[in-house]
Amino acid sequence: MRRFVQALLLVLCGLGLLQVSLFTELYLRYVKEGMRPLLIASGAVLLLLGLASAVLDKRQEKEGEGHGHDHSGLPRVAWLLLLPALSLLCYAPPALGAYTASRQPPKAVAVQSDFDPLPATSPVPMTLSDFTSRVRQDRRQDIKGRGIRMTGFVTPGGPAGSWDLTRVILNCCAADAQSVKVRIHGGPALPANTWVTVTGTWHAAGKLGTGSAAVALDARTVQKVARPVNGYQDALPLP
């Protein structure tokens, strides 16, 4: 592989990183929001290295330092570097969704012994993680009979027409993504990855406040909503 091709690969990789991190929000499909400055810096470094390599190679050719042979070859597999670079520039891979969530167990929710009283608002806006914790760990059973509102995307495949309201959460990047799920009973059968806000009450199965309680909701309403800009957070539903 000639040196100018190496320089081209560096430039394309740098432009790809800058494209998704500096000019769009696409980087949120792959890493957490706090990684943005590092992505921008990495893209700028790759771009500068590529341009510097091209300039130096051109200068050497003009000065006649070459002796007729190119010893700067790389393995052919290096051409595969073109794929991620062109992908970021032309067609960014989609965000993780129902396909990933359906193939992994739900994220373990941290043990919690103390819960704040639920607000008097009805329905109560809640994250999927908070709902899971209260269903299985809140001995006061504050959630019993209360209207709950949560937002996530649809993961089909539950028994008897049920499906999972899902959020994918990143610790660092897409490689360590984990999902939080709440089984939804009732409501329309919607396509996978449809973002919805669900209102309902706890689906009474098992003993509330213990590990036997079902992390599930009986849906009263299911409303389609737009995907949040940063869909990799277990955030409260928008008003």
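Just so it is clear, the structure is predicted and the values come from calculations on it, not from any experiment.
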Is Gln112 reaching over with its side chain to a backbone N or O of Asp114, donor-acceptor style, under 3.5 angstrom?
yes
Residue pairs passing the side chain to side chain donor-acceptor pair (under 3.5 Å) test with at least one member in residues 172-182, sequence neighbours excluded, are Gln104-Ser179
Residues in side chain to side chain donor-acceptor pair (under 3.5 Å) contact with Thr197, at least two apart in sequence or another chain
Thr151
Could you pull out all residues at least two apart from Thr201 that satisfy side-chain contact (heavy atoms from CB on, under 4.5 Å)?
Asp218, Arg220
To the nearest 0.5 angstrom, please state how far the CG atom of Leu38 sits from the CZ atom of Arg36.
12.5 Å
What residues, two or more places apart in sequence or in another chain, satisfy side chain to side chain donor-acceptor pair (under 3.5 Å) together with Ser129?
Asp234
Can you hop from Val55 to Leu9 via hydrophobic side chains spaced under 4.5 Å?
no
With a cutoff of under 4.5 Å between side-chain heavy atoms, which Ile, Leu, Val, Met, Phe, Trp and Tyr residues group with Phe115?
none
Sequence neighbours left out, what passes side chain to side chain donor-acceptor pair (under 3.5 Å) with Ser212? Give chain and number order.
Thr210
Can you list everything that forms a side-chain contact (heavy atoms from CB on, under 4.5 Å) with Ser102? Sequence neighbours excluded, please.
Thr155
With a 4.5 Å cut-off on side-chain heavy atoms, are Pro228 and Arg167 touching?
yes
So, for Ala177 and Leu96, which heavy atoms are closest and what is the spacing to 0.1 Å?
CB-CD1, 3.5 Å
By side-chain contact (heavy atoms from CB on, under 4.5 Å) - contacts of Pro159 (at least two apart)
Ser162, Arg183
Can you name the residues that form a side-chain contact (heavy atoms from CB on, under 4.5 Å) with Asn193, not counting sequence neighbours?
Ala98, Phe153
Say whether Trp195 and Leu170 are linked into one hydrophobic cluster, either directly or through other cluster members, by side-chain heavy-atom distances under 4.5 angstrom.
yes
Quick one: closest heavy-atom pair of Leu10 and Gly50, and the distance?
CB-CA, 3.7 Å
Could you go step by step and tell me if Val168 and Thr100 meet the side chain to side chain contact (heavy atoms under 4.5 Å, CB included) rule?
CA-CA 9 Å; Val168 171; Thr100 300; 5.6 Å; no
Cluster partners of Val198, using ILVMFWY side-chain heavy atoms under 4.5 angstrom, listed by chain and number?
Leu118, Val124, Met126, Leu128, Phe131, Val135, Ile143, Ile148, Met150, Val154, Trp163, Leu165, Ile169, Val180, Val182, Ile184, Leu190, Val196, Trp202, Leu208, Val215, Leu217, Val222
Tell me whether Arg146 contacts the main-chain N or O of Asp142 through its side chain, where contact means a donor paired with an acceptor under 3.5 Å.
no
Please round to the nearest 0.5 Å and tell me the distance separating atom CG of Leu47 and atom CG of Leu17.
10.5 Å
Would you check if the side chain of Tyr27 reaches a backbone N or O of Leu22 as a donor-acceptor pair within less than 3.5 Å?
no
Quick one: which residue pairs count as a salt bridge (Lys or Arg N to Asp or Glu O under 4.0 Å) with a foot in residues 190-206, not counting sequence neighbours?
none
Show every salt bridge (Lys or Arg N to Asp or Glu O under 4.0 Å) that has at least one partner inside residues 126-136, sequence neighbours left out.
Asp130-Arg134, Arg134-Asp138
